[in-house]
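One structure is given below, encoded as structure tokens.
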Protein chains: 2
Amino acid sequence: MSEVRVAGTGMTDFGRFPERTGRDLFAEAGLAALDDAGVDPGDVEHVFFGNFMGELAEHQGHMGPLMAEAVGVNAPATRYEAACASSGVAVREAVRSVRTGESDVLLVGGTERMTNMGTAGATEGLSIAADDLYEIRAGMTFPGAYALMARAYFEEFGGDSTDLAHVAVKNHEHALPNEHAQFRSAITVDQVLDAPRIADPLGLYDSCPITDGASAVVLVSEAFAERNGLDASVAVTGSGQGGDKLALQDREYFARTPASTAAAEEAYADAGITADDVEVAEVHDCFTIAEVLAIESLGLYDPGEGLGAARRGETTRHGDVPVNLSGGLKAKGHPVGATGVAQLASITNLLTGTHARSPDVGDLRVGVAHNAGGTVASATVHVLEVVA
Amino acid sequence: MSEVRVAGTGMTDFGRFPERTGRDLFAEAGLAALDDAGVDPGDVEHVFFGNFMGELAEHQGHMGPLMAEAVGVNAPATRYEAACASSGVAVREAVRSVRTGESDVLLVGGTERMTNMGTAGATEGLSIAADDLYEIRAGMTFPGAYALMARAYFEEFGGDSTDLAHVAVKNHEHALPNEHAQFRSAITVDQVLDAPRIADPLGLYDSCPITDGASAVVLVSEAFAERNGLDASVAVTGSGQGGDKLALQDREYFARTPASTAAAEEAYADAGITADDVEVAEVHDCFTIAEVLAIESLGLYDPGEGLGAARRGETTRHGDVPVNLSGGLKAKGHPVGATGVAQLASITNLLTGTHARSPDVGDLRVGVAHNAGGTVASATVHVLEVVA
């Protein structure tokens, strides 16, 4: 099988840009990634694109061809939708395409336009990631669903909102040097605890923001990279995807996310690594409790042990395995369809040393990106390694 | 690479079922396909699922996991959206997954719920398959877009509405023995010509209906089929995908669909066949002119020669290469996300002799399925062959 290399990365600023269309955002990120890779749009053989709710946000489906055109690519394009894991799934399919030898040069990305919907509109739109018949019509919202998961976690393992607050504080601190991040302001544990409650035990600062933005990476075969002298020292060495029942009510546990576990196990086996080899991770922290569940599902912590990781400093930039050095969804922002590829871009740039970050972080060679949809009914994990 | 076999097919009736949810429809089709294959839901490793506009029709995104659960499959699930080519793209990715050896047993399908939106609502919903900024806001509808394509065709090659009417008459006749078809009534050329004009030169009977329905196929590796003694004599031997600019205004020609041509060329090369080897085809006849453009893009006819094919009888059940023996989108119905997989199911059943059809059609060994999205900004072609 062909080895898959990351040849370039690009992203827009993440933030509040209600006047920018999805195609406008993706054009910026996609062209930045192609420029970074030194790849001509004419060389791209397929666009793999993630978007969650363009139908609702800007009355636009069938975005694959639209986005290809936006970056000057004349090739087939496919849109993936797996709620907040949309572009993680796009990455997975792109990796498969290069590995089979079917493709040598792919543009993979995602976009979401959200703030033009207003906060209530975006929250309502996001709800279609859950089960409309059995959750949404019963009044469930995503903060409510993750609050249930946090309560179940506290009941099973102990812990409290202060533990969760440390996750938010850490991710805000991590975002400080990230010029693309939506929030570049330090916060304190007291600020998190004093913030308005959204769905107890989760408050405003336990939640990621509503964000506009786009992200892109150029994936190439090792052979193409070598033939064209590309600077592509990072490989995607592992890929995994997991699934679960869509509605929380149909699951056995609320305090575990087996779809992420399955994705991680598949990705690690694919890469020939174990969780012990992971040096840095970007995980899907749509809420603080989600980061805790993610690092446990990734095998970085045993069940019940992940909650204290940020508080103990282990997942900060000073820790053994820094988590969400980009600021995560919490502080970098979460333009839903763009998030999975943005995580891949962040890990790539961390491994190549081009990520804006504190000098506390030393050389890194193995990172993982974890993207989740809904209440983790969909999850993808990708392993990236420095190979050249 | 592993050879990909079709182990089972299933579909709901296509028609007007406004009270049935997407999951309800897919459960019927998916379980029918699994039953037909003799495969247990527990053996399915991934669900590849196509849907176009569940967000608008039933306030539901993230349908992959929902559909897996609906058929009792506990495995990852991915939703593809490429407008009317949504499940054609899902097939393509599923084929890739089996070929790499990553999977042995996949459930591939699609669903669309439309009639609950009403005719005006469904037409409005369908419009998001085109460019919202530059087509829809200018008043374009899909009948209008295909009427433009028909006019461009007539200008370049000659021909008139009577030629197109023969396509509708043929497909209605083909649907007569298809128990799942929405329309099982013969029509005449005069009826087609006398029907109300929708967008000149296209009338009501040049257009496919608005349809609810679901379809599914079980794809397995040859090794799995042999190991488990499955009756799976049809292989997917070729797969291709093409893309084009989303908006008609950005294209060089209206009377050609190069995305379909690219998909066909790729699929034929993949299968090691030429257009001359094709014995039967299911093509994307959302409008009568679309069938003409499709059979030309598939290389079954030279540009300008496809229009008269139905009138001359060449694509009827008595002809050399029967087209849309199922009744096509025109008479079988077009539940958008289900169409691509329904075509694959129809071709499979034609090759195995289990398709309800006229006894005029003899033994067939090579068929193609052609699925298109929007004004053919996305297209997939799959080649199916009897191999055992």
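Below, chain A is the first sequence line, B the second, and so on; all start at residue 1.
- Taking a cutoff of 4.0 Å between a charged side-chain nitrogen and a carboxylate oxygen, A:E102 and A:R96 do not qualify as a salt bridge.
- Note on A:G374, A:S86, A:S97: by heavy-atom pairs under 4.5 Å with chain B, the leading option is A:S97.
- For A:A75, the part lying near chain B is the backbone, with the side chain staying farther off; criterion is any non-hydrogen pair under 4.5 Å.
- Counting heavy-atom neighbours within 6.0 Å of B:D24 CG, excluding the residue itself, gives a total above 12.
- Using cut-offs of 30° and 60° for the angle between ring planes, the A:F26 and A:F49 rings count as perpendicular.
- Chain B forms the most heavy-atom pairs under 4.5 Å with one residue out of A:H46, A:R23, A:E58, A:R99, and that residue is A:R23.
- In terms of non-hydrogen atom pairs under 4.5 Å with chain B, the most contact-rich of A:D250, A:D270, A:I136 is A:D250.
- Remark: the backbone N or O of B:A372 is paired with a side-chain donor or acceptor of B:H284 at under 3.5 angstrom.
- In terms of heavy-atom pairs under 4.5 Å with chain A, the best-connected choice from B:G64, B:G373, B:A85, B:G54 is B:G373.
- Checking A:D40, A:D43, A:V44 one by one against A:L34, the side chain to side chain contact (heavy atoms under 4.5 Å, CB included) holds for a single residue, A:V44.
- Counting heavy-atom pairs closer than 4.5 Å to chain A, the top-ranked of the candidates B:V47, B:T21, B:D131 is B:D131.
- With a 4.5 Å cut-off on non-hydrogen atoms, A:A379 does not touch chain B at all.
- To the nearest 0.5 Å, the span separating CE on A:M114 from CG on A:L56 amounts to 11.0 Å.
- Enclosure of atom CD in A:E252 is not indicated, since only 12 or fewer non-hydrogen atoms of other residues, nucleotides or ligands lie within 6.0 angstrom.
- Listed options B:M53, B:H59, B:E55, B:R92 were ranked by heavy-atom pairs under 4.5 angstrom with chain A; first place goes to B:H59.
- Using a 4.5 Å cut-off between heavy atoms, A:A259 does not touch chain B at all.
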